[in-house]
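Notes for the one structure printed next.
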Amino acid sequence: MSELSKNYDAKLYEDNIGQKWEASGFFNPDNLPDTTGRYVNVLPPPNANGEMHLGHASGYAVMDLLGRYHRMKGEKTLLLPGKDHAGIQSQVVYEKKIRKERGITRHDLGREKFYQEIFDFCLDRANYMRAQEKEFGVSADWSREKFTMDPDLIKIVLETFVKMYNEVDADGNRMIYRGERIINWCSRCATALSDVEVEHEEQAAKLYTFKYSPDFPLTISTSRPETKLGDTAVAVNPKDKRYQKYIGQEFKVDFVGVPLTIKIIADHEVDMDFGTGALGVTPAHSAVDWEMAQKNNLPIVKVIDESGKICAGFGEFSGLKVVEARTAVIEALRTRGLIEKEEDYPNNLSVCERCKTPIEPLVSKQWFVNVDHANFSLKKKARQAIENNEINFYPERFKDVMLSWIDNVRDWCISRQIWWGPRIPVWYRGDESTASIDSPGDGWIQDEDTFDTWFSSGQWAYTTLGYPAGQDFKDFYPSDTMIMGRDILPFWAFRMIILSLYRTGQVPFKNLYFTGLIRDEKGQKISKSKGNGIEPKDIVDKFGTDAVRLSLLIGNTPGNDLNLGEQKIAGFRNFTNKLWNIARFIQGITNKDNGISNDGQNIPYSLLVTPSTLADQWIISRLNQVIFEVTQAIESYQFSLAGEKLRDFTWNELADWYLEIAKIEGDKTEILNYILNTILKLWHPFMPFVTEQIWSEMYGGEKMLMVERWPICHPFDKLRAGSESSAGSVTDNFSVIQSIVTAIRSLRADNKIEPVKKLSVIISAGKQAELLEENRDIIETLARLESLAIAPKAEKPASAVSAVVGSSEVFVDLAGVIDLAKEKIRLQTEIDELNKYIVGLNAKLANAEFVQNAPTAVVEKERAKLAEAQEKIKKLGDSI
RNA sequence: GGACAAUUAGCUCAGUUGGUUAGAGCGUCGCAUUCACAUUGCGAAGGUCGCAGGUUCGAAUCCUGCAUUGUCCACCA
């Protein structure tokens, strides 16, 4: 056994430990010996275009905790890692890169070359990120790592498309169809976007109220005058008396030089109180208007093209950019005196989630998934599975969020006009078209569009396992847990559920856990532009991986955001050092007793059959309880609670009390090793590096903590039960000793007695006399006493201060130092507070309804409290 | 406009079927430095649990309303 250094320096050990783990092969479930049951988590694939950030780290901390826990439970454990090609995002990132570094655009490279470069770029980033994940201690099976652009994964994704395309209902409707629909268009990315890829930003706009032409009878309001070039109707509320007479009429108008045909239609969606109560309908550039056009068979006139300019055929406005056209149209209206009102009007601007360019809703030919198809309704099946509790949600409220998403989901636009990503497997020859993975033959041209990224990542749960015939799919699907940021519920969780149900007939995972976002210590969103970023690699360098992992786990609850500052991480760095020093202390004792070798695996036999001290019994009993509570907390996904219980035990009970007592009582090599051995196992999933390092130095040899068995509760309490005194339980008795020590320390501090001065204490102990006598050494040493007199009944010396602990009275003789007046005030304050407490208790117990309705146990408890308080107040009164 | 969350000590947060005088960490204040650890130890101060009602013998906890903050969705042109 080598000697542990004075402080734990994470940097000295982490690399080595990581390599040892990987070399062991135990990250691969096939190499785990003697497994029973299985545990699977197909890890969410981060986007392979950047680096690991704190959000990833937060997820990994939870995933790896569960993985290591289940592996230690002896289950065949698979954490399957991977990376996502992240279509639009990677393309945006790479386009910026080549523009900055080489001053070129993707068009300079051409589709094929651009694709190849971005592929290489993503592989490079994937390698970098994988190294970061390994450094973070993620115990994933890297031999099974997948990438969404791997040919075998793409093949399954394309098969899904073909299968859905060929899914035709009785009316001939396909589950995947191509249609002219209004979609969100980003003119910078030059692609369609799904609804969830659009963000809304508040902006100051103007609302213009005007007439199309002087002879048109209605005035309308808009914040987008340029789109009015494409109006084909004016909608009014059918109940609106002002306009009823016009409904059904058609007007030919000259709108700033452009001829329009405007039909007056009725729609109850129209708000009579907004603006003039009449709404200009622009089917080609507004989702709501488009729906009205469908209902009323209105013609659709496209005004804005894919480059964000006004289409041909609109006279002087053609070719202008949207913003220019707006000014021009307003100017023309003004010249003609048609504007009635112009007011400031804040509204929401839709922007591209990736590049923040304003979105133009426009009509375009795109591929859609029918989410409510007659053959297989994706939304209904998903709703059914969730209502049947086939998936547990953590936190539970996200189940309702998911259900409301399902209810409101619209057909999903899956085509993107970008170059990076798998291409839509549809082929055209003249008027013919067909869906197939490979080209049907000569003369067929493939669709130019690529898939929405989420169409491939939505199938991640089974493509990674080699669906449908792969052994992994048979062994590991569906997985046990899925953990993701709460922000991607609609993007990813929902789509994984519907696509998995469609392809495999099963839900993709049984438990769905959402992490919150990580914010800075002030609660602000972390972003590079704000410069408040906390880079995982910086804080890992500074505090160690274990400290970072703990700070992401403890004080964090599912679905809630976490504010993280360096102070918190430093606190956990201190804790890793504490654990290290606990081990160092125990190592010192073990070395002193050389000859006694103990691997700490089991409760020392001697402890079970021979008398041991109260402290021994207490710590083993507490440890037993902690094993139970921590196991339960992890099983119920309460990782923060589990960590807190362990920390409290380790620091406040083991280090602060038991180790100090071990110094006094001596002869504890076996029991200390058993305790250390056990808490190393319990801590391992939370802080794998420091625990593995201690383990290897003290118990390991060739054996690794990572694959040790998770501790189980020993029936210790039962074994000892026969020999327990009737004076009370082990924990109660020990807490009497603790309270006596604390009371004396407190009296010392209150009276400003220097720690070096040894005190004389008399305890009037009543029936606790024997208990105190047995633990006399502990009290004397921990409270730093010169003399201690314990008697069933003792008088308070005139020059003493006192405290009441249970049925004992503690008198600390302070001859010469005591300020009697001050002591009297202190006691009186305590009596006053106790009096208030007693009044409350009395009132409660005098309440007949309370006594009658409350459970007997509760009433008894209150009575006991009252009796105790009364006894205490009597003793305090005597002391004055 | 709709939904969801949060609101508990100076700060960050626990508090799971309603039942101890509401807890922790950090910070603050006082004291302590050979003896595992100053990345430490000991002690202390600090809260009418956002506000107002209600249910109940009993509410931080359940219900209603309101306020503030945040997130998501929808979007009125």
Side-chain angles (χ1 to χ4, degrees), chain A residues 4 6-8 195-196 200 207 220-224 227-228 234-235 269-271 273-276 278-282 286-289 345 347-348 350 395 397-398 400-401 404-405 408 486-487 489-490 516-517 521-523 543 547 554-557 559-565 567-568 570-589 636 638 640-641 644 647-648 652 655-656 659-660 663 742 745-750 752-756 782 784 833-834 836-837 840-841 844 847-855 857-859 861-862 864-865 869:
Chain A
L4 298 181
K6 191 171 173 185
N7 290 106
Y8 176 66
D195 291 342
V196 288
H200 303 279
L207 185 68
I220 61 166
S221 299
T222 186
S223 58
R224 301 281 315 267
T227 65
K228 300 288 109 181
V234 165
E269 294 274 315
V270 178
D271 181 351
D273 299 325
F274 186 89
T276 61
L279 157 68
V281 180
T282 319
S286 154
V288 175
D289 295 5
Y345 175 71
N347 76 343
N348 281 324
S350 302
R397 64 187 146 85
F398 278 65
D400 289 332
V401 176
S404 80
W405 254 100
N408 295 317
R486 58 140 229 261
D487 50 325
L489 179 147
L517 306 178
E521 58 224 303
K522 290 178 204 129
F543 301 110
I554 296 180
N556 194 359
T557 44
N560 289 334
D561 293 352
L562 177 74
N563 296 356
L564 185 65
Q567 277 191 333
K568 180 175 176 184
F572 286 112
R573 186 269 322 268
N574 295 355
F575 179 73
T576 59
N577 189 58
K578 189 76 186 180
L579 185 66
W580 181 259
N581 271 287
I582 288 170
R584 189 162 173 251
F585 171 74
I586 292 173
Q587 186 187 47
I589 287 182
S636 56
Q638 295 174 283
S640 179
L641 184 66
E644 279 177 76
R647 181 187 54 188
D648 290 347
N652 302 336
D656 289 348
L659 294 190
E660 292 309 314
K663 292 175 190 168
T742 305
R745 283 170 174 171
S746 180
L747 287 174
R748 178 196 287 276
D750 282 352
K752 309 246 183 276
I753 315 296
E754 308 145 44
V756 284
L782 295 187
R784 302 182 68 89
E833 275 174 21
L834 210 49
K836 277 188 239 161
Y837 177 49
L841 282 173
K844 206 171 190 181
N847 184 340
E849 286 183 288
F850 169 70
V851 179
Q852 200 183 328
N853 293 327
V858 174
V859 179
K861 222 169 170 182
E862 298 297 303
K865 281 192 281 184

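So that the names make sense, note that chain A is the first sequence line, chain B the second, and so on, each numbered from 1.
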Any salt bridge between A/Lys836 and A/Glu833, counting N to O under 4.0 Å?
no

With rounding to whole Å, what would you report as the distance between B/rG50 and B/rA6 at their P atoms?
12 Å

Is the side chain of A/Asn577 donor-acceptor paired with the backbone N or O of A/Tyr8 at a distance under 3.5 Å, no angle test?
yes

Value in whole Å for how far the P atom of B/rA6 lies from CZ of A/Phe398
10 Å

Report the nucleotide, chosen from B/rG19, B/rG43, B/rG27, that has the shortest atom-to-atom distance to any side-chain atom of A/Lys844.
B/rG19

For A/Leu834 and B/rU20, give me the distance from atom CG to atom C1', rounded to whole Å.
14 Å

Between the side-chain atoms of A/Lys663 and the base atoms of B/rA36, is any donor-acceptor pair under 3.5 Å?
yes

Contact class for A/Leu207 (heavy atom, under 4.0 Å): base, sugar-phosphate, or nothing?
nothing

Euclidean distance for C1', B/rC75 against B/rC66 (whole angstrom):
26 Å

Ignoring backbone atoms, establish whether A/Arg745 has a side-chain N or O less than 4.0 Å from OP1 or OP2 of B/rG43.
yes

Distance check, P atoms only: B/rG65 and B/rG47, in whole angstrom units.
32 Å

Quote, to the nearest angstrom, the P distance that separates B/rA45 from B/rU34.
28 Å

How close do A/Ser640 and A/Gly555 get, heavy atom to heavy atom, and via which atoms?
OG-N, 2.8 Å

NZ of A/Lys861 versus P of B/rG18: gap in Å, rounded?
15 Å

Sugar-phosphate, base or nothing in reach of A/Arg397, heavy atoms under 4.0 Å
sugar-phosphate

With sugar-phosphate meaning primed atoms plus P, OP1 and OP2, does A/Ser404 contact a base, only sugar-phosphate, or nothing at under 4.0 Å between heavy atoms?
nothing

Sub-3.5 Å donor-acceptor pair from the side chain of A/Lys865 to the main-chain atoms of A/Leu841, do we have one?
no

Regarding B/rC37, can its base be found pairing with the side chain of A/Lys578 as donor and acceptor, where the two atoms are less than 3.5 Å apart?
yes

Between B/rA36 and A/Asn581, is there an OP1 or OP2 to side-chain N/O distance shorter than 4.0 Å?
no

Side chain of A/Ala854 - closest among B/rG19, B/rU40, B/rU20:
B/rG19

Spacing of the P atoms in B/rU8 and B/rA52 (rounded, Å):
15 Å

Options B/rG43, B/rA36, B/rU21, nucleotide nearest the side-chain atoms of A/Thr742:
B/rG43

Say we look at B/rA60 and B/rC51: how far apart would their C1' atoms be, to the nearest angstrom?
14 Å

Side chain of A/Pro855 - closest among B/rG19, B/rU39, B/rG43:
B/rG19

Mind checking if A/Asp656 touches a base, just sugar-phosphate, or nothing, with heavy atoms under 4.0 Å?
sugar-phosphate

A/Glu644 vs A/Asn847, nearer the 5' end of RNA chain B by closest nucleotide
A/Glu644

Can you check the distance between B/rA9 and B/rG1, where both ends of the measurement are the C1' atom (answer in whole Å)?
38 Å

With a 4.5 Å heavy-atom cut-off, do A/Arg584 and A/Asn581 have their side chains touching?
yes

Strictly below 4.0 Å: does A/Thr557 bring a side-chain N or O up to OP1 or OP2 of B/rA14?
yes

Among the candidates B/rC57, B/rU39, B/rC37, find the nucleotide nearest to the side-chain atoms of A/Arg584.
B/rC37

Can you identify which nucleotide, out of B/rA14, B/rC57, B/rC26, has its nearest atom closest to the A/Asn560 side chain?
B/rA14

Taking atom C1' in both B/rU48 and B/rU40, compute the distance separating them and give it to the nearest angstrom.
37 Å

Hey, does A/Asn563 reach any base, or is it just sugar-phosphate, or nothing, if we go heavy atoms under 4.0 Å?
sugar-phosphate

Of all the choices, B/rA36, B/rC76, B/rG43, which nucleotide is nearest to the side chain of A/Phe274 once you look at every atom?
B/rC76

Within the structure shown, what part of the strands sits under 4.0 Å from A/Arg647 by heavy-atom distance: base, sugar-phosphate, or nothing?
sugar-phosphate

Minimum heavy-atom separation for A/Gly275 to A/Ser221, with atom names?
CA-OG, 3.8 Å

Select base, sugar-phosphate, or nothing to describe what A/Ala287 touches, counting heavy atoms under 4.0 Å on all strands.
nothing

NA contact type, A/Thr576, heavy-atom cut-off 4.0 Å: base, sugar-phosphate, or nothing?
nothing

Output the rounded distance in Å from NZ (A/Lys6) to P (B/rU33).
16 Å

A/Val288 near the nucleic acid: base, sugar-phosphate alone, or nothing, with a heavy-atom cut-off under 4.0 Å?
sugar-phosphate

